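Just so we're clear, the structure is a prediction, and the values are computed from it rather than from any experiment. Throughout, protein chains are lettered first and strands after them, A, B, ... in sequence-line order, and every chain is numbered starting at 1. All heavy atoms count here, side chains included; hydrogens, waters and symmetry mates do not.
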There are 2 protein chains.
Amino acid sequence: MSSPSDIPMAQRKRQLVANELTEAALQLLAQRGFDAVTVDEIAAVAGVSKRTFFRYFASKEDVVVRFLADMGNGMRAELAARPAAEPPSVALRHTVAVPLAACGDHAERALPVVRLIMRTPALRARFLERQAQWRDDLSVELAARLGLEARDGAEAAAPAGLYPGLAAGMALVAFDAVLQQWSDGDGTADPAGLTDSAFAVLAASLDAVPERVVVPGAADQGRAANRTA
Amino acid sequence: MSSPSDIPMAQRKRQLVANELTEAALQLLAQRGFDAVTVDEIAAVAGVSKRTFFRYFASKEDVVVRFLADMGNGMRAELAARPAAEPPSVALRHTVAVPLAACGDHAERALPVVRLIMRTPALRARFLERQAQWRDDLSVELAARLGLEARDGAEAAAPAGLYPGLAAGMALVAFDAVLQQWSDGDGTADPAGLTDSAFAVLAASLDAVPERVVVPGAADQGRAANRTA
DNA sequence: GCCAAGTGTGTCACTCGGTGTCAATGTGTG
DNA sequence: CACACATTGACACCGAGTGACACACTTGGC
């Protein structure tokens with residue numbers, strides 16, 4: 001970037017190639033299956049070389065998973081933006097509900113991709129790995145939100161240190177369960193409704209925040225759990 | 001196997017090669033990292049050819065993940081063996097506690113492997129994929145245990161249909177969190193204690209079984225949740 | 001002892017995912 | 001026009017994984 005004016009130009013060209021590549025990839029992969037399509041084919045359809053494909057995507061899985069990757073970024077931002085007064089169950093429910101709702105709204109495009117991911121082992125594995133990353137992100141966001149500052153150096157193994165990770169994990173279990181139900185069906189199921197149902201099950205544990213935490217919205221912050229210091 | 005008498009013979013030879021292979025693999029991989037070791041090297045150390053390696057393991061990841069794979073089988077069996085009177089939180093806690101305790105007992109061998117898996121993206125991904133499989137297994141086992149028979153044909157998206165998957169998922173979130181904490185530390189942490197702490201957080205939701213389920217052991221199964229049918 | 005049949009293994013050749021390198025091209029700046 | 005910089009294609013290369021074939025080795029029957 002030698003000058004400010006070529007940023008928009010080169011940037012747009014880059015974006016255009018990326019779109020072309022994802023378009024070709026999703027088309028071919030959804031149609032013929034993940035293993036039956038080579039990277040060379042995808043690149044050829046997009047009009048570029050194999051080498052260029054790998055300059056845009058880290059792996060063959062990446063093209064597909066990236067398509068849903070924005071979800072993760074959106075989630076962390078969404079959680080950070082939720083009012084501090086909300087109990088964890090509500091804040092986390094909205095956090096996962098946003099990308100899920102996006103899926104439901106663009107079912108025509110999202111459903112085939114989600115289905116492809118869910119039933120292709122290699123893609124499912126990469127997707128779960130990404131979810132684990134989201135879990136860590138949500139975990140620190142949640143800890144900060146609740147005033148449970150994780151001391152970076154000494155990571156205490158106390159229950160209070162376990163809660164954020166567990167809560168974030170639970171939220172993502174719900175996320176995954178909804179996605180699975182939705183992709184198993186014919187797309188007519190409502191992700192929002194499924195999300196509400198799932199969080200109705202999880203809410204009890206989500207709002208039982210350990211330690212000295214104040215959760216204004218919750219009627220009673222039972223400091224129940226705290227054994228095995 | 002042309003005769004019954006060669007089953008023990010050939011079988012033992014097979015087992016011996018498999019052991020040799022895993023031994024060599026774990027040794028090399030834990031020492032030099034996953035990407036820095038080729039399958040040819042592993043096979044050479046074990047005294048066989050690359051081709052033979054792939055006759056025993058489906059992939060390079062498989063050698064490592066298989067080492068912890070028995071966990072999954074053990075879990076389903078353990079859950080099935082728990083007394084029916086136990087509330088889900090207790091039954092599931094024991095279910096995941098068994099393999100976790102096994103890790104703690106054989107820390108010398110298990111810790112390096114767990115560490116390798118947890119911090120190698122490719123291995124972590126495959127491990128999570130396997131956990132997803134366990135989740136499905138535990139889910140059906142749990143449904144059977146609670147009398148929530150999943151009609152195979154028509155998979156209803158009702159809350160009652162969501163619960164088993166969520167509960168199993170929560171148990172595995174705890175499992176994963178404990179494993180992560182344990183592998184991050186120096187191995188002196190007690191998996192059993194961590195497991196108890198984790199389930200103390202999750203218990204409230206785990207025992208809130210929706211619908212007409214009877215959980216004898218639980219003093220109070222708040223059937224709070226059940227909105228948005 | 002010899003000869004099937006079956007199984008495990010090594011070798012070779014090959015495909016495909018993924019990476020490093022370099023030369024060519026294009027684009028914006030002085 | 002000359003210069004720097006970014007992007008690309010072409011090529012070579014490595015490693016994972018697979019298919020095919022030939023060569024052992026074991027086992028059982030004659």
### Task
Would you tell me if any nitrogen or oxygen in the side chain of B:Tyr56 comes within less than 4.0 Å of OP1 or OP2 on C:dG8?
no
Sub-3.5 Å donor-acceptor pair from the side chain of [X] to the main-chain atoms of [Y], do we have one?
{"X": "A:Ser59", "Y": "A:Asp62", "value": "yes"}
{"X": "B:Arg32", "Y": "B:Val37", "value": "no"}
{"X": "B:Ser205", "Y": "A:Leu202", "value": "yes"}

### Task
Only counting residues at least two apart or in another chain, list the ones meeting side chain to side chain donor-acceptor pair (under 3.5 Å) with B:Glu141.
none
### Message
Whole angstroms only, please: what is the CZ-P distance between B:Arg14 and C:dT7?
### Response
12 Å
### Query
Which word best sums up how the rings of A:Phe127 and A:Phe175 line up, parallel for under 30°, tilted for 30 to 60°, or perpendicular for over 60°?
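If you compare the ring of A:Phe127 with that of A:Phe175, the planes turn out tilted.
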### Query
When you check every protein heavy atom under 4.0 Å of nucleotides 15-22 of chain D, what one-letter string (B, S, -) results, 5' to 3'?
SBBBBB--
